[in-house]
Amino acid sequence: MSSDIRVRFAPSPTGYLHIGGARTALFNWLFARHHGGKLVLRVEDTDQARNTEEAAAAIYDGLKWLGLDWDEGPEAGGDFGPYFQSERHEIYERHLKKLQDGGHTFEDNGAVRFRSPREHVVVDDLVCGQIDFDLTNPETHPDMTVRRPDGSWIFHFVNVVDDIEMKISHVIRGEDHLSNTPKHIELYRALGATPPRFAHIALIHNKDGSKMSKRDQGASVDYYIKRGYLAPAVRNYLCLLGWSPKDNREKLPIEEIVRIFDLKNVVRSNATFDPAKLHWLNGEYAREVGEVEFNSMGLAALKAAGVKWEEYPEEYVRAALQTCQGKINTFDELPAYGGFYFTDDIVFNPEGVAQHFTAENRPRLEAVRGAFAALESFSAAAIETTLKASAGNLGVKVGALVHPTRLAVTGSNAGPSLYHLLEVLGKEKVLARIDRALSLFS
RNA sequence: GACCCUAUCGUCCAGUGGCCUAGGACACCGCCCUUUCACGGCGGCGACACGGGUUCGAAUCCCGUUAGGGUCGCCA
């Protein structure tokens, strides 16, 4: 399906993809994909920063990770390039000439400024509705500069020129640009162009209500990549920030969101980023990913935490990780959750020790050890049967044996299914760990 | 300060004049399930910022106030 709909994401190369920018890119992407239009990626590097390519690469990485592919732009090419503003001087020059020829500019200390027509401008925003701006007063709405004395360009101008040249039909961007829009519209008109449709989406805030900025933890997409979040989960969560399917569904496949996405359903008020909800959503996705993906994500997280799983047999590693799936929400929780599989140097939880390594429990753990030692097949089923039989013999609840045993073998009060974890660990290791734990009893 | 946007549970969303004693999700708290922790199930806590209108009837419409956010750059 072809369409004249063309949208763009136009970040400046800051070296990382801001979560708010990601959401803006996402909404542009959804809009483009929904309508069968095109998404253009344009790098706004008018400042001609040194390492533009490198800094921009970080943004590509973030977009790619989120699965937001662009149809035109860096790495993709296209008929409306170049896609770096620093390479578009001639184009800006041409439009400036047009502006000057039309008598829309004046010089001010070497800078070129655009003379506002001084009228009311109505912005008909797809999200915010019709807004009437009164630009008649130069005191409150000064004429904007278009070009500096040193020849470099001002954002507003190049932004508008590029959108004209790239035939952008819809500008979907952050609400922080809403107040600038009437000025942009004046520029479009002075350049003889029809303004695109605008859609300003509300900003994303921190818990304390402040605008999310680079300083804030979790403000960069990279943060979630490093912490082992799943891209579909982060993307799904971002969709929910300012948009909803209107039927109370929270977890939706991206294909479904593309299908039903509509700017009409975009909320007008600011949203607060809620890490807890993302954490939950990620867990929902982590529970349903395939074994292969779960394990590879898990191994990456273990490696990042310095856990040396490479020294263990492949089958052991695979089985160990599988006992953890369904239990953790994000992969950065894995080292603490299942790290005991990959070291014999168990660190015991102090509260657990005080609670379970008691004089009363000593003979119980010894009994468990004895029963395990006598086991032919060290399978989860056999272990369970044995442990329950031991509890029966001792006249105690199963829990009275489970807790000390778990603590002795893993050092923790919580973890994967005890029976399965013991099976994975194997008889030899289990007995050795119980012996060591026994020596720690008060 | 001027201009603009916004205003429903702590948070994210439903709700567009009567179906609302306001619904869902996250978080939190109970109970159940259970070898732990999770998951899951059940239940609880919890909001229409305030004041005026309009209307037979307002969370929903209008005005004002307050609050939050944004923009007013030779930053992007």
Side-chain angles (χ1 to χ4, degrees), chain A residues 10-14 21 44-47 49 85 108-113 123 125 127-129 131-135 137 139-142 144-156 158-159 174-183 200 202-205 207-211 237 239-251 265 267-281 283-284 286-287 324-329 333 337 352 356 380 383-384 387-388 391 397-403 405-407 410 412-422:
Chain A
S12 56
T14 50
E44 307 218 324
D45 58 342
T46 52
D47 268 358
Q85 289 187 331
D108 179 13
N109 283 319
V112 181
R113 308 185 70 178
V123 175
D125 195 276
V127 171
C128 303
I131 306 159
D132 186 334
F133 289 88
D134 179 358
L135 269 38
N137 185 352
E139 297 290 311
T140 55
H141 296 86
M144 77 165 106
T145 302
V146 156
R147 187 187 212 181
R148 301 186 190 86
D150 69 1
S152 59
W153 307 96
I154 297 301
F155 158 77
H156 300 289
V158 296
N159 189 267
E175 194 197 81
D176 49 340
H177 285 109
L178 183 55
S179 297
N180 294 143
T181 304
K183 290 194 262 184
H200 288 90
L203 274 17
I204 298 176
H205 288 170
K207 277 276 183 220
D208 64 9
S210 64
K211 189 176 168 183
Y237 177 70
C239 286
L240 262 22
L241 238 36
W243 172 88
S244 89
K246 302 289 183 192
D247 57 10
N248 288 335
R249 279 181 296 171
E250 308 279 339
K251 182 167 175 286
N265 291 345
V267 168
R268 273 175 289 260
S269 49
N270 292 337
T272 302
F273 191 89
D274 184 2
K277 186 153 183 174
L278 205 205
H279 185 258
W280 162 76
L281 233 201
E284 293 292 305
R287 260 163 234 121
C324 299
Q325 180 160 20
K327 307 297 194 123
I328 56 169
N329 278 2
E333 294 167 7
Y337 194 82
H356 300 298
I383 292 167
E384 178 170 358
L387 194 122
K388 285 181 174 168
K397 286 184 181 171
V398 183
L401 301 187
V402 166
H403 297 292
T405 304
R406 171 185 297 285
L407 185 67
T410 72
S412 171
N413 285 330
S417 159
L418 179 66
Y419 308 129
H420 293 87
L421 126 214
L422 293 175

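In the text below, chain A, chain B and the rest are named by the order of the sequence lines, each starting its count at 1.
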Figure out the [atom1]/[atom2] separation between [X] and [N], and round it to whole Å.
X: A:Asp134; N: B:C3; atom1: CG; atom2: C1'; answer: 9 Å
X: A:Arg268; N: B:C12; atom1: CZ; atom2: C1'; answer: 17 Å
X: A:Phe133; N: B:A2; atom1: CZ; atom2: C1'; answer: 13 Å
X: A:Glu284; N: B:G24; atom1: CD; atom2: P; answer: 17 Å
X: A:Asp247; N: B:A14; atom1: CG; atom2: P; answer: 11 Å
X: A:Lys251; N: B:C26; atom1: NZ; atom2: C1'; answer: 15 Å

Can you check whether A:Ile204 reaches A:Asn270 side chain to side chain, under 4.5 Å on heavy atoms?
no
For A:Asp134, give me all partners under side chain to side chain contact (heavy atoms under 4.5 Å, CB included), at least two apart in sequence or on another chain.
A:His120, A:Thr136
Contacts of A:Ala10 meeting side chain to side chain contact (heavy atoms under 4.5 Å, CB included) (sequence neighbours excluded), chain-then-number -> A:Arg8, A:Arg42, A:Glu44
Watson-Crick or G-U counterpart of [N], or none if no pair lies under 3.5 Å:
N: B:C45; result: none
N: B:C75; result: none
N: B:C39; result: none
N: B:C3; result: B:G70
N: B:C12; result: B:G24
N: B:G18; result: B:C56
N: B:C50; result: B:G64

Given 3.5 Å as the limit, does a donor-acceptor pair link the side chain of [X] with the main chain of [Y], or not?
X: A:Thr410; Y: A:Leu407; result: no
X: A:Asp125; Y: A:His200; result: yes
X: A:Tyr237; Y: A:Lys277; result: no
X: A:Asn137; Y: A:Glu139; result: yes

Sequence neighbours excluded, the answer for salt bridge (Lys or Arg N to Asp or Glu O under 4.0 Å) partners of A:Asp247 is A:Arg249
Residues passing the salt bridge (Lys or Arg N to Asp or Glu O under 4.0 Å) test with A:Glu333, sequence neighbours excluded, are none
Does a nitrogen or oxygen in the side chain of [X] sit under 4.0 Å from OP1 or OP2 of [N]?
X: A:Arg148; N: B:A76; result: yes
X: A:Arg147; N: B:C74; result: no
X: A:Thr46; N: B:A76; result: yes

Give me the distance, rounded to whole Å, that separates [N] from [M] when you measure between the [atom1] atoms they each carry.
N: B:A58; M: B:A2; atom1: C1'; answer: 34 Å
N: B:A59; M: B:C20; atom1: C1'; answer: 9 Å
N: B:U11; M: B:C28; atom1: C1'; answer: 12 Å
N: B:C31; M: B:G69; atom1: P; answer: 41 Å
N: B:A47; M: B:G1; atom1: P; answer: 33 Å
N: B:U6; M: B:U65; atom1: C1'; answer: 15 Å
N: B:U54; M: B:C29; atom1: C1'; answer: 43 Å
N: B:G46; M: B:A38; atom1: C1'; answer: 25 Å

Could you check whether [X] gets within reach of a base, just the sugar-phosphate, or nothing at all, counting any heavy atom under 4.0 Å?
X: A:Asn109; result: base
X: A:Gly242; result: sugar-phosphate
X: A:Asp108; result: base
X: A:Arg287; result: sugar-phosphate
X: A:Gln325; result: nothing

Tabulate atom names and distances for all N/O pairs under 3.5 angstrom spanning the protein and nucleotides 27-37 of chain B.
{"residue": "B:U35", "atom": "O2", "partner": "A:Leu418", "partner atom": "N", "Å": "3.4"}
{"residue": "B:U35", "atom": "N3", "partner": "A:Ser417", "partner atom": "OG", "Å": "3.4"}
{"residue": "B:U35", "atom": "O4", "partner": "A:Ser417", "partner atom": "OG", "Å": "2.9"}
{"residue": "B:U36", "atom": "O2'", "partner": "A:Asn413", "partner atom": "O", "Å": "2.4"}
{"residue": "B:U36", "atom": "N1", "partner": "A:Arg406", "partner atom": "NH2", "Å": "3.1"}
{"residue": "B:U36", "atom": "O2", "partner": "A:Arg406", "partner atom": "NH1", "Å": "3.4"}
{"residue": "B:U36", "atom": "O2", "partner": "A:Arg406", "partner atom": "NH2", "Å": "3.4"}
{"residue": "B:U36", "atom": "O2", "partner": "A:Gly415", "partner atom": "N", "Å": "2.7"}
{"residue": "B:U36", "atom": "O2", "partner": "A:Gly415", "partner atom": "O", "Å": "2.8"}
{"residue": "B:U36", "atom": "N3", "partner": "A:Arg406", "partner atom": "NH2", "Å": "3.2"}
{"residue": "B:U36", "atom": "N3", "partner": "A:Gly415", "partner atom": "O", "Å": "2.6"}
{"residue": "B:U36", "atom": "O4", "partner": "A:Lys327", "partner atom": "NZ", "Å": "3.0"}
{"residue": "B:U36", "atom": "O4", "partner": "A:Ser417", "partner atom": "N", "Å": "3.4"}
{"residue": "B:C37", "atom": "O2", "partner": "A:Lys327", "partner atom": "NZ", "Å": "3.4"}
{"residue": "B:C37", "atom": "O2", "partner": "A:Tyr337", "partner atom": "OH", "Å": "3.1"}
{"residue": "B:C37", "atom": "N3", "partner": "A:Lys327", "partner atom": "NZ", "Å": "2.6"}

Write down the atom of [X], the atom of [Y], and the distance for their closest heavy-atom approach.
X: A:Arg268; Y: A:Val127; result: NH1-O, 3.2 Å
X: A:Arg148; Y: A:Trp153; result: NH1-O, 3.3 Å
X: A:Arg406; Y: A:Ser412; result: CG-O, 3.3 Å

Using the 3.5 Å cut-off, write out each protein N or O paired with an N or O of nucleotides 69-73 of chain B and the distance between them.
{"residue": "B:G69", "atom": "O2'", "partner": "A:Asn270", "partner atom": "ND2", "Å": "3.2"}
{"residue": "B:G70", "atom": "N2", "partner": "A:Ser179", "partner atom": "OG", "Å": "3.2"}
{"residue": "B:U71", "atom": "O2'", "partner": "A:Asn180", "partner atom": "ND2", "Å": "3.3"}
{"residue": "B:C72", "atom": "O2'", "partner": "A:Thr140", "partner atom": "O", "Å": "3.4"}

Name the closest nucleotide to the A:Asn248 side chain, picking from B:U6, B:C3, B:G23.
B:G23
Can you tell which of B:C12, B:C74, B:A76 lies closest to the side chain of A:Ser12?
B:A76
Contacts of A:Gly326 and A:Lys246 projected onto RNA chain B by closest heavy atom; the upstream (5') one is A:Lys246
Using heavy-atom distances to pick each residue's nearest nucleotide on RNA chain B, tell me which of A:Val267 and A:Leu278 is more 5'.
A:Val267
